[in-house]
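Basis for what follows: all heavy atoms, side chains included, without hydrogens, waters or symmetry-related copies. Quick caveat, the model's predicted, so the values are computed rather than measured. The chain is numbered in sequence order, starting from 1.
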Amino acid sequence: MSTASSPPNGASQPPRPGIPVPGAHLPGAQPEPADPSRITAEVDQLLAELGPRPAASPAENTETGADITRRARILEQAHDVLVDALATVDKI
């Protein structure tokens, strides 16, 4: 049953003011939609920081551990960029 103000069956309604959008509850959520070129640039910049994977030798265990930690931190930042972008995308 529809009323005079409701759209016909199958028609999508625009979001009403005051209705939360996906991801709006997340800290630091961006009000604007995800910009693919900006997201790609941010992730590419983070991945460029990784550089080539160093050859490990047994004598460099401490340095290798520190490098793994640094690389993990960079990958976590890239992951956060992608998660934030997904939070701004309206799920259909």
Side-chain angles (χ1 to χ4, degrees):
M1 182 166 132
S2 64
T3 63
S5 63
S6 65
N9 289 342
S12 63
Q13 293 180 325
R16 295 187 314 219
I19 301 284
V21 294
H25 66 287
L26 298 175
Q30 301 171 357
E32 73 273 354
D35 176 23
S37 58
R38 179 187 56 79
I39 294 163
T40 301
E42 285 184 42
V43 172
D44 287 345
Q45 180 183 11
L46 287 166
L47 295 179
E49 288 181 36
L50 292 176
R53 191 168 134 185
S57 67
E60 299 174 351
N61 284 339
T62 303
E63 290 178 22
T64 302
D67 186 58
I68 289 172
T69 302
R70 180 186 69 82
R71 295 168 78 77
R73 190 170 31 253
I74 292 169
L75 290 172
E76 185 175 357
Q77 288 173 334
H79 175 262
D80 290 343
V81 169
L82 295 172
V83 168
D84 290 344
L86 284 174
T88 64
V89 176
D90 189 17
K91 307 288 188 238
I92 296 175

### Message
Could you work out, with side-chain hydrogen bond (donor to acceptor under 3.5 Å, both in side chains) as the rule, every residue matching Asp35, not counting sequence neighbours?
### Response
Ser37
### Query
Quick one: side-chain contact (heavy atoms from CB on, under 4.5 Å) partners of Leu47, sequence neighbours excluded?
Val43, Leu50, Leu75
### Query
For Arg70, which residues count as a salt bridge (charged side-chain N to carboxylate O under 4.0 Å, His left out) partner, sequence neighbours excluded?
Asp67
#### Entry: Qualifying residues under side-chain hydrogen bond (donor to acceptor under 3.5 Å, both in side chains), relative to Thr69, sequence neighbours excluded
none
### Query
Can you name the side-chain contact (heavy atoms from CB on, under 4.5 Å) partners of Glu49, sequence neighbours left out?
Leu46, Ile74
### Task
Tell me, yes or no, whether the heavy-atom count around Gln45 atom CD, taken from other residues, nucleotides or ligands under 6.0 Å, exceeds 12.
no
## Note on the structure
When rounded to the nearest 0.5 Å, the distance separating CD of Glu42 from CG of Asp80 is 11.0 Å
